[in-house]
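Only this structure's heavy atoms are used, side chains among them; waters, hydrogens and symmetry mates stay out. Proteins come first, then strands; the chains are lettered A, B, ... in the order of their sequence lines, and each starts at number 1.
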Amino acid sequence: MSIISFRQRVYTIAQQIPKGKVATYGQLAKMAGSPRAARAVGMSMKCNPDASIIPCHRVVASNGRLVGYAFGGIQTKKQKLLNEGVAFIKDTVDLNVSQWRVTI
DNA sequence: AGATTGACCGTGT
DNA sequence: GACACGGCCAATC
């Protein structure tokens, strides 16, 4: 089943997040096959080799809050998202509008 | 092999 | 709405 590591799966999924949308850590965990592994997802993002191939800035907490970004901090992360047209409410993403929804 | 850690999440007060 | 607590999973020491 899992020939590739959990981390690898997370990366693959993260790359599918469309521009202008965001996904939550829990959401990715669920998609990767471990619904409760949100923390592990966070680690994967932290260890991610390159932001240009893995859009880790499109991953936010379940409440839309921006947490962590290893390529310049929260500010940079927010700027990138704003630049992509993600809807913000103060410092949190409006998930109602900008969450990545996998339409059946 | 065991313990610790971390870019989390849900629930209760 | 803010704060505290516990649980969860994979990677790392």
Student: Donor-acceptor pair, distance only, cut-off 3.5 Å: does the side chain of A:Lys21 make one with the backbone of A:Val97?
Tutor: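 Yes, because the side chain of A:Lys21 sits within donor-acceptor range (under 3.5 Å) of the backbone of A:Val97.
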
Student: If you take any heavy atom closer than 4.0 Å to DNA chain B, which residues from residues 87-101 of chain A end up in contact?
Tutor: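 None - not one residue of the stretch has a heavy atom sitting under 4.0 Å from the strand.
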
Student: Under 4.0 Å between any heavy atoms, over every strand shown, what does A:Ala70 touch: base, sugar-phosphate, or nothing? Just pick one.
Tutor: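 The answer is base, as A:Ala70 lies within the cut-off (heavy atoms under 4.0 Å) of a base atom.
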
Student: By nearest nucleotide on DNA chain C, pick out whichever of A:Met43 and A:Arg36 is the more 5' one.
Tutor: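 Per heavy-atom nearest nucleotide, the more 5' residue is A:Arg36.
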
Student: C:dA11 P sits how many Å from A:Met45 CE, rounded?
Tutor: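 To the nearest whole Å, that distance equals 13 Å.
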
Student: So if I take every side-chain heavy atom of A:Arg39 and compare against B:dC9, B:dA7, C:dC8, which nucleotide ends up nearest?
Tutor: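 Per side-chain heavy atoms of A:Arg39, the pick is C:dC8.
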
Student: Within this structure, what is the CG-to-P distance between A:Leu28 and B:dG6, rounded to whole angstrom?
Tutor: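 Roughly 21 Å, once rounded to whole Å.
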
Student: In whole Å, what is the span from the CG atom of A:Asn63 to the C1' atom of C:dC3?
Tutor: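 Between C1' of C:dC3 and CG of A:Asn63: 14 Å.
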
Student: Are A:Val10 and A:Met45 packed together at the side-chain level, in the sense that at least one heavy-atom pair is separated by less than 4.5 angstrom?
Tutor: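 Yes - at least one pair of side-chain heavy atoms lies under 4.5 Å apart.
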
Student: Taking A:Val22's backbone N and O only, do any of them form a donor-acceptor pair with A:Ser98's side chain (distance below 3.5 Å, no angle check)?
Tutor: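 Side chain of A:Ser98 to backbone of A:Val22: no pair is present.
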
Student: Mind checking if A:Ala40 touches a base, just sugar-phosphate, or nothing, with heavy atoms under 4.0 Å?
Tutor: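 Answer is base: heavy atoms of A:Ala40 come under 4.0 Å of a base.
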
Student: Output the rounded distance in Å from OH (A:Tyr11) to C1' (C:dA10).
Tutor: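 Rounding to the nearest Å, OH of A:Tyr11 and C1' of C:dA10 are 12 Å apart.
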
Student: With DNA chain C as reference, determine whether A:Ala37 or A:Arg7 sits nearer its 5' end, using the nearest nucleotide of each.
Tutor: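 It is A:Ala37, whose closest nucleotide lies nearer the 5' terminus.
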
Student: Within a 6.0 Å radius of atom NZ on A:Lys30, are there more than 12 heavy atoms belonging to other residues, nucleotides or ligands?
Tutor: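 Counting neighbours around NZ of A:Lys30, 12 or fewer heavy atoms of other residues, nucleotides or ligands fall under 6.0 Å, so no.
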
Student: So, under a plain 3.5 Å distance rule, would you say the side chain of A:Tyr25 forms a donor-acceptor pair with the base of B:dA7?
Tutor: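 Answer yes: a donor N or O sits under 3.5 Å from an acceptor.
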
Student: Testing A:Lys77, A:Lys19, A:Arg58, A:Lys78 for salt bridge (Lys or Arg N to Asp or Glu O under 4.0 Å) with A:Glu84, which one passes?
Tutor: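 Result: among A:Lys77, A:Lys19, A:Arg58, A:Lys78, A:Arg58 is the only option passing the salt bridge (Lys or Arg N to Asp or Glu O under 4.0 Å) with A:Glu84.
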
Student: A:Gln8 CD to C:dA11 C1': how many Å, rounded?
Tutor: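 It is 14 Å, rounded to the nearest whole Å.
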
Student: A quick test of your reading: do over 12 heavy atoms of other residues, nucleotides or ligands sit less than 6.0 Å from CD of A:Gln16?
Tutor: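 Count over threshold, so yes.
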
Student: Calculate the interatomic distance between A:Tyr69 atom OH and B:dC8 atom C1'; express it in whole Å.
Tutor: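 Rounded to the whole Å, the gap is 19 Å.
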
Student: Can a donor-acceptor pair be found, under 3.5 Å and without considering hydrogens, that links the side chain of A:Tyr11 to the backbone of A:Ser44?
Tutor: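 Here the side-chain-to-backbone pair exists.
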
Student: Is the phosphate of C:dA10 approached by A:Ser34 (side-chain N or O, under 4.0 Å from OP1 or OP2)?
Tutor: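 Checking A:Ser34 against C:dA10: at least one side-chain N or O falls below 4.0 Å of OP1 or OP2.
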
Student: Among the candidates B:dC9, C:dC8, B:dG6, find the nucleotide nearest to the side-chain atoms of A:Lys46.
Tutor: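 Among B:dC9, C:dC8, B:dG6, the one nearest the side chain of A:Lys46 is B:dG6.
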
Student: Whole angstrom is fine here: how far is it from CG in A:Leu81 over to C1' in B:dA7?
Tutor: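 That distance rounds to 13 Å.
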
Student: Is the shortest side-chain N/O distance from A:Arg65 to OP1 or OP2 of C:dA2 below 4.0 Å?
Tutor: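 Answer no for this pair, as no side-chain N or O of A:Arg65 is under 4.0 Å from OP1 or OP2.
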
Student: Is A:Ser62 close enough to B:dG10 that one of its side-chain N or O atoms is under 4.0 Å from OP1 or OP2 there?
Tutor: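 It does, given that an N or O in the side chain of A:Ser62 lies less than 4.0 Å from OP1 or OP2 of B:dG10.
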
